[in-house]
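For ligands, and for the atoms within them, numbers begin at 1 and follow the listed sequence.
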Amino acid sequence: MSFESASESAGRSLSVQCCIVGGGPAGMMLGYLLGRSGIRTVVLEKHADFFRDFRGDTVHPSTMQVMQELGLLDDFLKIPHQQLTHMQGLFGATPIRIADLSRLKTQCPFIALMPQWDFLNFLETKGARFPSLQIMKSTEATELVRDSERITGVVAATPQGPLHISADLTVACDGRHSILREQAGLQIEDIGAPIDVLWFRVGKQKTDSDGIFARLQRGQMMVTIDRDDY
Ligand SMILES: Cc1cc2nc3c(=O)[nH]c(=O)nc-3n(C[C@H](O)[C@H](O)[C@H](O)COP(=O)(O)OP(=O)(O)OC[C@H]3O[C@@H](n4cnc5c(N)ncnc54)[C@H](O)[C@@H]3O)c2cc1C
């Protein structure tokens, strides 16, 4: 029985082994791994899709090593991307090579520049073959459910109304403003991040690139991520 029909027949309730709240890289990757292991898992994502144009563009060699170990690398590399092997920084007027990834002893000694939503869509598509994994979009966890001291699941808002999910394990992957963390009473350790980021697109001509990844001056930094035409 599919998860959906199970929830229908149970009157908007669902029982799983693991409920993951948040379909970002953490939640989707964990969902994929658990689904692959046959663990009955649901991933809840409050948005209708993974499209977020401010969540980064770099997939790193260590991530691609994991893709290789999971047998996903060949298909992963078919997603349009640019490959960054060297990073050059401009410190004031002085150019300095800040990284040479080509020397890494990994399957992919480069950073793949691709939007995060492509990566998340890829994990969703590949995870679809696991009957034990369900990704539920437009589904927002609103409340942790407890049985005395034990967390036993969540209540989620869905387009069809509230859904009660009971789970052996509930994992909060709901990002920086996690409401599950707050409701569980877990404290944030603020290590300080004294940077504000302004994220924007600029059109690019083929002839524009000077290969500079970051320009740094006292108190300021500009990172330019080459996305081919912008
Ligand atoms: C401007 C910027 C640039 C970055 N650039 C890079 C980069 O180039 N490379 C890189 O590796 N990293 C980059 N990062 C960091 C990267 O985006 C984060 O480390 C990563 O997104 C964290 O993943 P996550 O799954 O923990 O959380 P998130 O990506 O925040 O995902 C959390 C998910 O949970 C969902 N959610 C929240 N609350 C609920 C709820 N109650 N119910 C259901 N769903 C919920 C959210 O919609 C979201 O999809 C960048 C970050 C920023 C802000």
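The closest side-chain donor-acceptor pair between H81 and Q83 falls under 3.5 angstrom. A donor atom on one side chain and an acceptor atom on the other are not found under 3.5 Å apart for R36 and S132.
Taking atom 5 (N) of ligand 1 as the reference point, the nearest protein heavy-atom neighbour is G56 CA, 2.9 Å. Summary of contacts: the protein heavy atom closest to atom 35 (C) of ligand 1 is E45 OE1, 3.2 Å. For atom 26 (O) of ligand 1, the closest non-hydrogen atom of the protein is A26 CB, 3.7 Å. The nearest protein atom to atom 41 (N) of ligand 1, hydrogens excluded, is given as A141 O, 2.9 Å; this is a heavy-atom distance. Residue, atom and distance of the protein heavy atom nearest to atom 15 (C) of ligand 1 are R55 O, 4.5 Å. Closest to atom 2 (C) of ligand 1, if we only count protein heavy atoms, is F54 O, 3.4 Å. Given atom 48 (C) of ligand 1, the protein heavy atom at minimum distance is R52 NH1, 3.2 Å. Closest to atom 11 (O) of ligand 1 among all protein heavy atoms lies T58 O, 3.5 Å.
The presence of a protein heavy atom under 4.0 Å from atom 7 (C) of ligand 1 is confirmed. In this structure, atom 39 (C) of ligand 1 is in close contact with the protein, since a protein heavy atom lies within 4.0 Å of it. Within 4.0 Å of atom 19 (O) of ligand 1, not a single protein heavy atom is present.
Distance check: R201 CZ to D229 CG gives 8.5 Å after rounding to the nearest 0.5 Å. Within the model, atoms CG of D49 and CG of L120 stand 10.5 Å from one another, a figure rounded to the nearest 0.5 Å. Note: Q65 CD to C108 SG = 7.5 Å, rounded to the nearest 0.5 Å.
Listed by number with element, the atoms of ligand 1 under 4.0 angstrom from any heavy atom of H47 are 47 (O). Interface atoms of ligand 1 facing C173, defined by a heavy-atom separation under 4.0 Å, are 32 (C), 33 (C), 34 (O). Numbered from 1 in the order shown, with element, the atoms of ligand 1 that lie under 4.0 Å from a heavy atom of L44 read 43 (C), 44 (N). Atom numbering of ligand 1 starts at 1 in the shown order; those under 4.0 Å from a heavy atom of G22 are 33 (C), 34 (O), 35 (C), 44 (N). The E140 neighbourhood of ligand 1 comprises atoms 40 (C), 41 (N), 42 (N), 43 (C), with distances under 4.0 Å to a heavy atom of that residue. Those atoms of ligand 1 with a heavy atom of W199 less than 4.0 angstrom away are 1 (C), 3 (C).
Results of the side-chain contact (heavy atoms from CB on, under 4.5 Å) test with T139 over L44, V21, V43 single out L44 as the only residue that passes.
Geometrically, ligand 1 and P25 share a nitrogen or oxygen pair separated by less than 3.5 Å.
Side-chain atoms of T142 come within 3.5 Å of backbone atoms of V155 as a donor-acceptor pair (strictly under, hydrogens ignored).
Taking the six-membered ring where the residue is Trp, Y32 and F130 present perpendicular rings, their angle passing 60° and hence far from 30°.
Nearest residue to atom 37 (C) of ligand 1 from D174, V223, T63, T142 is D174 (criterion: closest heavy atom). Selection from H60, E143, K46, M28 by nearest heavy atom to atom 45 (C) of ligand 1 gives K46.
The closest approach between any non-hydrogen atom of Q116 and ligand 1 is below 4.0 Å. The shell of residues lying under 4.0 angstrom from ligand 1, judged by heavy atoms, includes T139.
Applying the 6.0 Å contact sphere to CD of Q187 captures no more than 12 heavy atoms from other residues, nucleotides or ligands.
One finds a salt bridge joining D75 and K78 here, because a Lys/Arg side-chain nitrogen approaches an Asp/Glu carboxylate oxygen to under 4.0 Å.
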| field | Derivation and outcome, side-chain contact (heavy atoms from CB on, under 4.5 Å), residues H47 and K137 | value | CA-CA 6 Å; H47 291 114; K137 293 189 193 141; over 6 Å; no
| said: Let's go through M28 and I135 carefully: what are the C-alpha distance in whole Å and the side-chain angles of both, what is the deciding distance for side-chain contact (heavy atoms from CB on, under 4.5 Å) to 0.1 Å, and is it a yes or a no? | reply: CA-CA 9 Å; M28 289 300 290; I135 316 287; 3.8 Å; yes
| said: Could you walk me through whether L113 and I225 satisfy the side-chain contact (heavy atoms from CB on, under 4.5 Å) test, starting with their C-alpha distance in whole Å, then the side-chain angles of each, then the deciding distance to 0.1 Å, before giving a yes or no? | reply: CA-CA 8 Å; L113 297 175; I225 296 178; 3.9 Å; yes
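Aromatic pair F119/F50: centroids not less than 6.0 angstrom apart.
Only side-chain heavy atoms of V21 come within less than 4.0 Å of ligand 1; its backbone N, CA, C and O stay farther off.
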